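We name chains A, B, ... by the order of the sequence lines, and we start the count at 1 in each one. From a predicted model like this one, the values you see are computed outputs, not experimental measurements.
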Amino acid sequence: MRSQYIPVLIQLALAAGFAGSLLVLTHLFGPSRPAAAKLSPFECGVDPVDQAHHRFSVKFYLVAMLFILFDIEAIFFYPWALIFKGAISSGLFLLIEMGTFALVLLAGFFYIWRKGVLEWA
Amino acid sequence: MMAWAMEWVPVLIKILVAFFVVLTLTAYLTLAERKFSAYMQDRCGPNRTGPFGLLQPLADGIKFIFKEDVIPTEVHRTYYVLAPALLLVPALLGYIVIPFGDTLIVAGRTIPLQIADVDLGILYIFAIAGLSVYGLFMAGWASNNKYSLLGGLRSSAQMVSYELTLGLSLVGALLVFGTSNLRDIVHLQTGHWDLGPLSIPKWGIFLQPLGFLLFLVSAFAESNRLPFDLPEAENELVGGYHTEYGSMKFAMFFMGEYIGMITMSALATTFFFGGWHVPGLAALNLSHNAAALAGVAAFCLKTGFFLFLFIWVRWTLPRFRYDQLMSLSWKGVFPAAMLNVFLTGFCLYAFHRFM
C-alpha cells in the first residue's frame, strides 16, 4: 500500500512551504539595522575570544557510537515483538532466542559500564 | 476524475484542518504555559492583550515576524538559516499518523479520522523524530558561538540517549498489542474487562504500567522539557543551541519543541489511554457520527491532560545535572526497559499457557 504515504508527501510539501515562508517573511518584514556589536557572537557582552569550533569532550563521540550500536539492536526487538503474539504457542522458544540475543547485548552493556564509559564526572 | 476527487478531497481537508489546529494549539500552549506558570507562582501572567490575555499568542507571532532578522557575521550562513526549518519540518510530519478519532460517515462514505493510516505507525514517528537532532546540532554548530556549540552537543547526546529508551519502552506495548499500526492499537483498547463488580477499560496503562512510566520519562527528555531541559540550561549556557537566533527563527525552534510535546502527548494517549475510546460510551447507543465526535473530544481531553502534565512537572521538579541525566538514561531507563520487555513476554506466555 504505497498510497498510505501520499498524505505524508502532501504534509511534507505543506510543512516545508510553511517553514520556508516563515524564514522569508521575517527576512522581508524585519528592519535591517546592522551594527558591529549586534553581529558579533554573543559572549555575555565581552569581546569574543577566538573561534568557537574547538575540540570538545570525546564523551560525546562515545555516546553517538553507543547510540548507533544499541539503537540498531533495539530495532531488532521490533519485528520480534510484532510476531510474538501470533506465535505464542512457541512463545518459550521465542523468549529464549531473544533472551540469548539480549544477553550478548547486555554483556557488551555491562562491559562499557565497567569501563566507565557511562561516567560523566 | 470524480472518484479521484472523492478520495483525495477529504484527505486534503483533514491535512489543512489538522495543520491549523496544531499550529493554533501550539500558539495557545505558549499562553497556557505562561498562565499556568504564573498561577503556580502566585502571579497573573499575561493579561493585557485581550480578555485574559487571549490575544497574546497573536501579538507574539506578529512581533516575531516584524523583528530584525539578525544573521551574525561569524555564522555559517546556509546551515544557520536552514537549521530552524530542519527542526520544524520533522515536528510537523510526526503527528499525522496518529488517529484522533474513529470513522465519520459523510454522504455514504467512511472517512477515518486520521491523516495517514501508515502500517509502520510507531516506527514512522520514531524515524521522523530522529531527524530533528540534525536541526538541533546544525543550529549549535553553525552559530559559531561557544554556548551554542555546547548546547548543541549536550542536546544531541541527550536526545539520542533518550531516543533509544523511548523506542525500547514501547516494545512491551507492542508485544501486548502485536501490531505497529496506531489505529489497530486503539481498536484493541476498546472494550472492558469485567473483574467482579469492577469494569476496567482495556487501556494499555493497565497492562504496561512500567512501560508507561519509562515512556513518560523518555518523552519528557526527548522534548527537552524540564526536568531535562539541559540544552537550554540558561544559568550555564545562556540559551543553548538557539543563543544566536532571533525573530521568527527563534520562534521556529519553540514551535518545533511544542509540536513535539503535542505529538508525545498524543502518542501517550494512543498507546496507554485508549486513544479516542470513551469507557461506557457504547452503552449510550449514540449514532455512529455522534460517538465518533465524542471520541475526538475524549482524545483531545486526554492529550490536553498530558500537555498540562508537561507544564505541571516543569514547576514541580528541579533540573537534573548533566551526569545525572545521562546515567538516568543509560543506567536506569535502559535496563528497566529491557526488563520490561522480557517481563511482558514472559507474562504473555505464562498467561497463554496456564489460563
Let me know if [X] has heavy atoms under 4.5 Å from chain A in its side chain, its backbone, both or neither.
| X | value |
| --- | --- |
| B:Ile115 | both |
| B:Trp141 | both |
| B:Leu153 | both |
| B:Tyr95 | side chain |
| B:Val171 | both |
| B:Leu149 | side chain |
| B:Leu23 | side chain |
| B:Val118 | both |
| B:Leu16 | side chain |
| B:Pro90 | neither |
| B:Leu82 | neither |
| B:Phe346 | both |
| B:Thr73 | both |
| B:Asp117 | backbone |

Engaged part of [X] at the chain B interface, taking heavy atoms whose separation is under 4.5 Å:
| X | answer |
| --- | --- |
| A:Leu105 | side chain |
| A:Leu28 | neither |
| A:Ser89 | both |
| A:Leu106 | side chain |
| A:Phe70 | both |

Near-ring test A:Phe84/B:Tyr349, centroid separation under 6.0 angstrom:
no

Once rounded to the nearest 0.5 Å, what's the spacing between atom [atom1] of [X] and atom [atom2] of [Y]?
| X | Y | atom1 | atom2 | answer |
| --- | --- | --- | --- | --- |
| B:Ser247 | A:His27 | OG | NE2 | 10.0 Å |
| B:Leu92 | A:Leu12 | CG | CG | 10.0 Å |
| B:Met252 | A:Phe18 | CE | CZ | 7.5 Å |
| B:Arg154 | A:Ser57 | CZ | OG | 11.5 Å |
| A:Phe60 | B:Phe137 | CZ | CZ | 9.5 Å |
| A:Ile88 | B:His352 | CD1 | NE2 | 6.0 Å |

Please check this pair: side chain of [X] against backbone of [Y], looking for a donor-acceptor N/O pair closer than 3.5 Å.
| X | Y | result |
| --- | --- | --- |
| A:Gln11 | B:Ile15 | no |
| A:Lys85 | B:Val176 | yes |
| A:Tyr78 | B:Gly167 | yes |

Would you mind reporting whether [Y] and [X] have side-chain heavy atoms less than 4.5 Å apart?
| X | Y | result |
| --- | --- | --- |
| B:Lys331 | A:Leu118 | yes |
| A:Leu22 | B:Lys249 | no |
| B:Ile62 | A:Phe29 | no |
| A:Val117 | B:Trp330 | no |

How close do [X] and [Y] get, heavy atom to heavy atom, and via which atoms?
| X | Y | answer |
| --- | --- | --- |
| B:Ala157 | A:Val63 | O-CG1, 3.9 Å |
| A:Met98 | B:Phe342 | O-CZ, 3.7 Å |
| A:Ala16 | B:Val89 | CA-CG2, 4.0 Å |
| B:Asp69 | A:Thr26 | CB-O, 3.9 Å |
| A:Pro7 | B:Ile96 | O-CD1, 4.4 Å |
| B:Leu164 | A:Ala74 | CD1-CB, 4.1 Å |

Residue [X] excluded, over 12 heavy atoms near [atom1] under 6.0 Å:
| X | atom1 | value |
| --- | --- | --- |
| B:Phe19 | CZ | yes |
| B:Tyr322 | OH | yes |
| A:Lys59 | NZ | yes |
| A:Phe101 | CZ | yes |

Shorter than 4.5 Å, heavy atoms on both sides: which option in [options] has the most such pairs with chain A?
| options | answer |
| --- | --- |
| B:Leu174, B:Asn145, B:Val160 | B:Val160 |
| B:Arg353, B:Gln324, B:His76 | B:His76 |
| B:Leu123, B:Thr344, B:Leu175 | B:Leu175 |
| B:Gly178, B:Ala91, B:Ala337, B:Pro84 | B:Gly178 |

Run the side chain to side chain contact (heavy atoms under 4.5 Å, CB included) test on B:Leu120 and A:Tyr5 for me, step by step, so that the C-alpha distance in whole Å, both residues' side-chain angles and the decisive distance to 0.1 Å come before the verdict.
CA-CA 11 Å; B:Leu120 283 177; A:Tyr5 289 95; 3.6 Å; yes

For A:Phe56 and B:Leu150: C-alpha separation, side-chain torsions, deciding distance, then whether side chain to side chain contact (heavy atoms under 4.5 Å, CB included) applies.
CA-CA 9 Å; A:Phe56 50 81; B:Leu150 286 175; 5.6 Å; no

